[in-house]
Engineer: 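Got a structure for you, written out below as structure tokens; questions coming shortly.
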Amino acid sequence: MSICYGNFPRGLVSVLLVMGASMSIAEAGDQAEKYGGENRGKPVQPSQVNAKFQQECSSCHIGYSPGLLPAASWRKVMGGLDKHFGSDASLTDQENKEITTFLVNNASNRWRAPTAPLRITETAWFKRKHNSHEIPPTVWKNPKVKSPANCAACHQQAERGDFNENNIKIPK
Ligand code: HEC
Ligand code: HEC
């Protein structure tokens, strides 16, 4: 074993690990219900990178983590790149295929709703997390924020798929 658990008896460690895993699945379920079945998936893992995606999908905005939307959404987004939110973001068939596979394979694993929104920012869970109680309406008018889709304006590690509360700084 490469990980050192100090003096914990091996059996106890596995029990704790199993408990930890099942609790987080239950929590994920509660969260998903609260947001009508919509929820982002696991935070991006260091292994979840794709050079083509970085190159083609992070020039106009940050590369949105695949876990932020369900697979059906990514298929829709990738199927309409010629009319992409008022921009033409078309790719060659081969590039499109590679990026779609990457996004679909790493899509949200907590999405139970039958919805496949094109925007992260239009989902119920996004609106709940970013309601006027959390963020005063004036913040959205700040030119440093511009759009709710500009995640990196507030989430300092957004590019890395990290939306942890400790890494949020609302621009003044
Ligand atoms: C030519 C510029 C451009 C490129 C390249 C581009 N996008 Fe976008 N994308 C946009 C614009 C503009 C918006 C709308 C931003 C806003 O509302 O502030 C957008 C929005 C999005 C949104 C919705 C954000 C929200 O509101 O939740 C997703 C998802 C997205 N893009 C995915 C992609 C993916 C995947 C790629 C790579 C295949 C890509 N984009 C490449 C311009 C681009
Ligand atoms: C104007 C600033 C701002 C922008 C822009 C913004 N967020 Fe947030 N976000 C926040 C704040 C503040 C919270 C904390 C809410 C809370 O305390 O529960 C939050 C919470 C979150 C959470 C929940 C974190 C957790 O641990 O519960 C996620 C996930 C998230 N945002 C993703 C995004 C994504 C994805 C985008 C872009 C598409 C985005 N945010 C854009 C300010 C912002």
Side-chain angles (χ1 to χ4, degrees), residues 24 27-35 38-45 48-111 115-172:
S24 61
E27 269 169 31
D30 289 351
Q31 284 250 315
E33 291 330 317
K34 206 159 72 185
Y35 305 125
E38 292 179 355
N39 207 339
R40 73 184 178 119
K42 51 198 179 298
V44 82
Q45 301 300 310
Q48 284 169 252
V49 286
N50 176 280
K52 211 25 114 217
F53 169 77
Q54 279 311 324
Q55 190 184 315
E56 303 296 341
C57 305
S58 64
S59 50
C60 301
H61 45 66
I62 63 154
Y64 299 113
S65 301
L68 291 167
L69 287 173
S73 289
W74 289 123
R75 289 203 183 87
K76 258 200 220 170
V77 168
M78 295 304 290
L81 286 181
D82 55 330
K83 292 189 192 74
H84 181 73
F85 305 98
S87 302
D88 183 352
S90 326
L91 300 167
T92 64
D93 286 353
Q94 203 190 333
E95 287 168 333
N96 192 308
K97 212 172 149 196
E98 179 179 337
I99 295 173
T100 304
T101 304
F102 165 70
L103 290 168
V104 164
N105 285 349
N106 296 291
S108 171
N109 57 346
R110 295 182 188 171
W111 208 275
T115 53
L118 277 178
R119 282 184 181 269
I120 303 150
T121 53
E122 270 171 8
T123 65
W125 76 257
F126 184 93
K127 289 180 180 162
R128 286 280 286 272
K129 288 279 177 193
H130 301 84
N131 62 19
S132 55
H133 177 71
E134 299 289 353
I135 304 168
T138 49
V139 170
W140 303 111
K141 301 205 177 89
N142 185 337
K144 288 181 193 145
V145 176
K146 280 195 289 246
S147 163
N150 187 11
C151 322
C154 308
H155 295 276
Q156 298 174 299
Q157 306 289 330
E159 191 76 62
R160 293 164 54 189
D162 174 356
F163 296 96
N164 192 291
E165 287 176 41
N166 300 329
N167 297 323
I168 300 176
K169 203 169 152 197
I170 296 182
K172 292 261 149 41

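Read the numbers this way: they start at 1 and go in the same order the structure lists the ligands and their atoms.
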Engineer: I'd like to check whether W140 has a polar contact with ligand 2, where a contact means an N/O of the residue lying under 3.5 Å from an N/O of the ligand.
Structural biologist: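 Not met; the criterion fails.
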Engineer: Checking only N/O/S atoms, does H84 have one that is under 2.8 Å from atom 8 (Fe) of ligand 1?
Structural biologist: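 Under 2.8 Å: H84 contacts atom 8 (Fe) of ligand 1 through an N, O or S atom.
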Engineer: For ligand 1, note which part of K146 has a heavy atom under 4.0 Å away: side chain, backbone, both or neither.
Structural biologist: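 No part of K146 is near ligand 1 at this cut-off.
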Engineer: A side-chain contact here means heavy atoms from C-beta on lying under 4.5 Å apart; do P117 and R119 qualify?
Structural biologist: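 Heavy-atom side-chain distance check fails, nothing below 4.5 Å.
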Engineer: Can you name the atoms of ligand 2, numbered from 1 with element, that are less than 4.0 Å from a heavy atom of N150?
Structural biologist: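 Selected atoms, number and element: 5 (C).
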Engineer: Counting heavy atoms only, which part of P148 comes closer than 4.0 Å to ligand 2: side chain, backbone, both or neither?
Structural biologist: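 The part of P148 near ligand 2 is the backbone, not the side chain.
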Engineer: Nearest protein heavy-atom contact for atom 38 (C) of ligand 2: which residue, which atom, what distance?
Structural biologist: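 Looking at atom 38 (C) of ligand 2, the protein heavy atom closest to it is C151 SG, 2.6 Å.
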Engineer: Side chains of W74 and T101, heavy atoms from C-beta outward: is any pair under 4.5 Å?
Structural biologist: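 Side-chain contact under 4.5 Å: no.
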Engineer: Is it the side chain (CB and beyond), the backbone, both or neither of R119 that lies under 4.0 Å from ligand 1, heavy atoms counted?
Structural biologist: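 Contact part for R119 vs ligand 1: both backbone and side chain.
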Engineer: Can you tell me which portion of A153 lies within the under-4.0 Å heavy-atom range of ligand 2? Options are side chain, backbone, both, or neither.
Structural biologist: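 No part of A153 comes within reach of ligand 2.
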Engineer: With a cut-off of 4.0 Å, which atoms of ligand 2 are near a heavy atom of C154?
Structural biologist: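 Near C154, meaning under 4.0 Å from one of its heavy atoms, ligand 2 has 1 (C), 2 (C), 3 (C), 4 (C), 5 (C), 42 (C), 43 (C).
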Engineer: Taking 4.0 angstrom as the limit and counting only heavy atoms of W125, give me the atoms of ligand 2 inside it, by number and element.
Structural biologist: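 Once the distances to W125 are compared, the set is 28 (C), 29 (C).
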Engineer: Do K52 and Q55 come within less than 4.5 Å of each other through their side chains, counting heavy atoms only?
Structural biologist: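 A side-chain contact under 4.5 Å exists here.
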Engineer: As an exercise, identify every atom of ligand 2 less than 4.0 angstrom from a heavy atom of V139.
Structural biologist: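 Contacts of ligand 2 toward V139, numbered from 1: 1 (C).
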Engineer: Check the pair E159 / S58 against side-chain contact (heavy atoms from CB on, under 4.5 Å), numbers first and verdict last.
Structural biologist: CA-CA 9 Å; E159 191 76 62; S58 64; 4.2 Å; yes
Engineer: What is the closest protein heavy atom to atom 32 (C) of ligand 2, and at what distance does it sit?
Structural biologist: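 Here the closest protein heavy atom is F163 CD2, 3.4 Å.
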Engineer: Which ligand 2 atoms does R40 reach within 4.0 Å, using its non-hydrogen atoms?
Structural biologist: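 Every atom of ligand 2 under 4.0 Å from some heavy atom of R40: 29 (C).
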Engineer: Measure the distances from the heavy atoms of W74 to every atom of ligand 1 and state whether one is below 4.0 angstrom.
Structural biologist: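 So W74 counts as touching ligand 1.
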Engineer: May I ask you to list the atoms of ligand 1 that are less than 4.0 angstrom from any heavy atom of M78?
Structural biologist: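 So the answer, numbered in order with elements, is 38 (C).
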Engineer: Counting neighbours of CG on N164 that are heavy atoms of other residues, nucleotides or ligands and sit closer than 6.0 Å, is the number greater than 12?
Structural biologist: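 More than 12 heavy atoms, drawn from other residues, nucleotides or ligands, come within 6.0 Å of this atom.
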Engineer: Please determine if H155 has a nitrogen or oxygen closer than 3.5 Å to a nitrogen or oxygen of ligand 2.
Structural biologist: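 Yes, since at least one N or O of H155 sits under 3.5 Å from an N or O of ligand 2.
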Engineer: With atoms numbered from 1 as shown, which atoms in ligand 1 lie under 4.0 angstrom from a non-hydrogen atom of C60?
Structural biologist: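 Those qualifying, in numeric order: 1 (C), 2 (C), 3 (C), 4 (C), 5 (C), 42 (C), 43 (C).
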Engineer: Check this for me - ligand 2, S147, N or O atoms closer than 3.5 angstrom, yes or no?
Structural biologist: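 So ligand 2 has no N or O lying under 3.5 Å from an N or O of S147.
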Engineer: Is any side-chain heavy atom of W125 closer than 4.5 Å to a side-chain heavy atom of L68?
Structural biologist: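 W125 reaches L68 side chain to side chain.
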Engineer: Against heavy atoms of L68, which atoms of ligand 2 measure under 4.0 Å?
Structural biologist: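 Every atom of ligand 2 under 4.0 Å from some heavy atom of L68: 35 (C).
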Engineer: Any idea which of I170, I168, L69 brings a heavy atom closest to atom 11 (C) of ligand 2?
Structural biologist: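 Nearest option to atom 11 (C) of ligand 2, by heavy atoms: I168.
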Engineer: Tell me which part of L81 gets within contact of ligand 1: side chain, backbone, both or neither, using heavy atoms under 4.0 Å.
Structural biologist: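 For L81, the contact with ligand 1 is made by the side chain alone.
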Engineer: Counting backbone and side-chain atoms alike, is an N, O or S atom of C57 positioned under 2.8 Å from atom 8 (Fe) of ligand 1?
Structural biologist: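 It does not: C57 brings no N, O or S atom closer than 2.8 Å to atom 8 (Fe) of ligand 1.
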Engineer: Which of the numbered atoms in ligand 1 are below 4.0 angstrom from a heavy atom of T121?
Structural biologist: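 Those qualifying, in numeric order: 25 (C), 26 (O), 27 (O).
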Engineer: Would E134 count as being in polar contact with ligand 2, using the rule that some N or O on each side must be under 3.5 angstrom apart?
Structural biologist: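 Yes, E134 has an N/O under 3.5 Å of an N/O on ligand 2.
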Engineer: Can you check whether Q156's main-chain N or O pairs, donor with acceptor, with N167's side chain at less than 3.5 Å?
Structural biologist: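 Between the backbone of Q156 and the side chain of N167 there is no qualifying donor-acceptor contact (under 3.5 Å).
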Engineer: So if I count the atoms of ligand 1 from 1 in the order they appear, which ones are less than 4.0 Å from some heavy atom of Y64?
Structural biologist: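 This gives 21 (C), 22 (C), 24 (C), 28 (C), 29 (C), 30 (C), 31 (N) as the contact atoms.
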Engineer: Go through ligand 2 atom by atom and flag the ones less than 4.0 Å from a non-hydrogen atom of K129.
Structural biologist: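 Going through ligand 2 atom by atom, the ones under 4.0 Å from K129 are 15 (C), 23 (C), 27 (O).
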Engineer: At a non-hydrogen distance cut-off of under 4.0 Å, which region of H61 contacts ligand 1 (side chain, backbone, both, or neither)?
Structural biologist: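 For H61, only side-chain atoms sit under 4.0 Å from ligand 1.
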Engineer: Of all the atoms in ligand 1, which lie at a distance below 4.0 Å from a heavy atom belonging to S87?
Structural biologist: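 Numbered from 1, ligand 1 contributes 1 (C), 12 (C), 42 (C).
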